[in-house]
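Sequential numbering from 1 along the given sequence is applied to the chain's residues. All values derive from a computational prediction rather than experimental measurement.
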Amino acid sequence: MEAPDVIICLMGLFFVLIGFLCAKYPNLIAGVNSLKPEEKAKLDLKGLGKFTRNTLCLMGLAMVGTHFLFYLGGLDKRTCLVISTVLVPIVGLIPYFIGSQKYMRK
């Protein structure tokens, strides 16, 4: 295994680890600590933590999977590295931002 492969595997593992930490400690989610107490009371922290865990774990696995699939498909290492470290998280954050809105109670 070469250095880019190890980096991608570690980054994917890091995303999975952060996902599980966010499920256990939802205050780790960006912006939750800065909410006012009345806004925080409207937030379903448990549900948002699980949703964040699922999204981050899926992104971590997708990073590793896309890297190796594209490499086996014939792309060079640099292109695979860019796709898996830049495009996968950006594409993964779009549905996260849209889906996380349902955890705010009215």
Smallest separation among heavy atoms of Pro89 and Phe15, with atom names: CG-CZ, 4.4 Å
Quick check: do Tyr103 and Pro26 have side-chain heavy atoms less than 4.5 Å from each other? no
Distance-only donor-acceptor check, side chains Tyr71 and Thr79, under 3.5 Å: no
Is there a path of hydrophobic side-chain contacts, each under 4.5 Å between heavy atoms of I, L, V, M, F, W or Y residues, that connects Phe14 with Leu28? yes
For Ser34 and Gly31, which heavy atoms make the closest approach, and how far apart are they? OG-O, 3.0 Å
Taking C-beta and beyond as the side chain, do Arg105 and Leu43 meet within less than 4.5 Å on heavy atoms? no
Just how far is it from atom CZ of Arg53 to atom CG of Leu48, taken to the nearest 0.5 Å? 12.0 Å
Please say yes or no: joined through hydrophobic side-chain contacts below 4.5 Å, possibly via intermediate residues, are Leu13 and Leu81 part of one cluster? no
Heavy-atom side-chain contact between Leu17 and Leu56 under 4.5 Å: no
Cys22 versus Thr52, closest heavy-atom pair with distance: CB-CG2, 3.9 Å
Considering residues at least two apart in sequence or located in another chain, which fulfil the ring pair (Phe, Tyr, Trp, His ring centres under 6.0 Å) criterion with Phe20? none
Got a second to check how far Met59's CE is from Asn54's CG, nearest 0.5 Å? 12.5 Å
Residue pairs fulfilling side chain to side chain donor-acceptor pair (under 3.5 Å) with at least one residue in residues 5-16, sequence neighbours excluded: Asp5-His67, Asp5-Lys77
Between Val88 and Ala62 the two heavy atoms that sit nearest each other are CG1-CB, 3.8 Å
What's the shortest heavy-atom distance between Phe51 and Ser100, and which atoms? CE2-N, 3.5 Å
So, taking the atom named CG in Leu10 and the one named CE in Met63, what distance separates them when rounded to the nearest 0.5 Å? 10.5 Å
Side chains of Thr66 and Leu69, heavy atoms from C-beta outward: is any pair under 4.5 Å? no
Should Val32 and Met104 be counted in the same cluster of Ile, Leu, Val, Met, Phe, Trp and Tyr side chains packed under 4.5 Å apart? yes
Do Lys46 and Asp44 have side chains that get closer than 4.5 Å, going by heavy atoms? yes
Evaluate side chain to side chain contact (heavy atoms under 4.5 Å, CB included) for Cys9 paired with Phe68, printing each intermediate quantity in order. CA-CA 10 Å; Cys9 290; Phe68 288 109; 3.9 Å; yes
Value for CG (Leu35) from NZ (Lys42), rounded to nearest 0.5 Å, stands at 11.0 Å
Determine whether Ile83 and Leu72 fall in the same hydrophobic cluster, where Ile, Leu, Val, Met, Phe, Trp and Tyr are linked whenever their side-chain heavy atoms lie under 4.5 Å apart. no
Answer yes or no: is there a side-chain heavy-atom contact under 4.5 Å between Lys40 and Asn33? yes
Do Thr85 and Ile8 make a side-chain contact, defined as non-hydrogen atoms from C-beta onward lying under 4.5 Å apart? yes
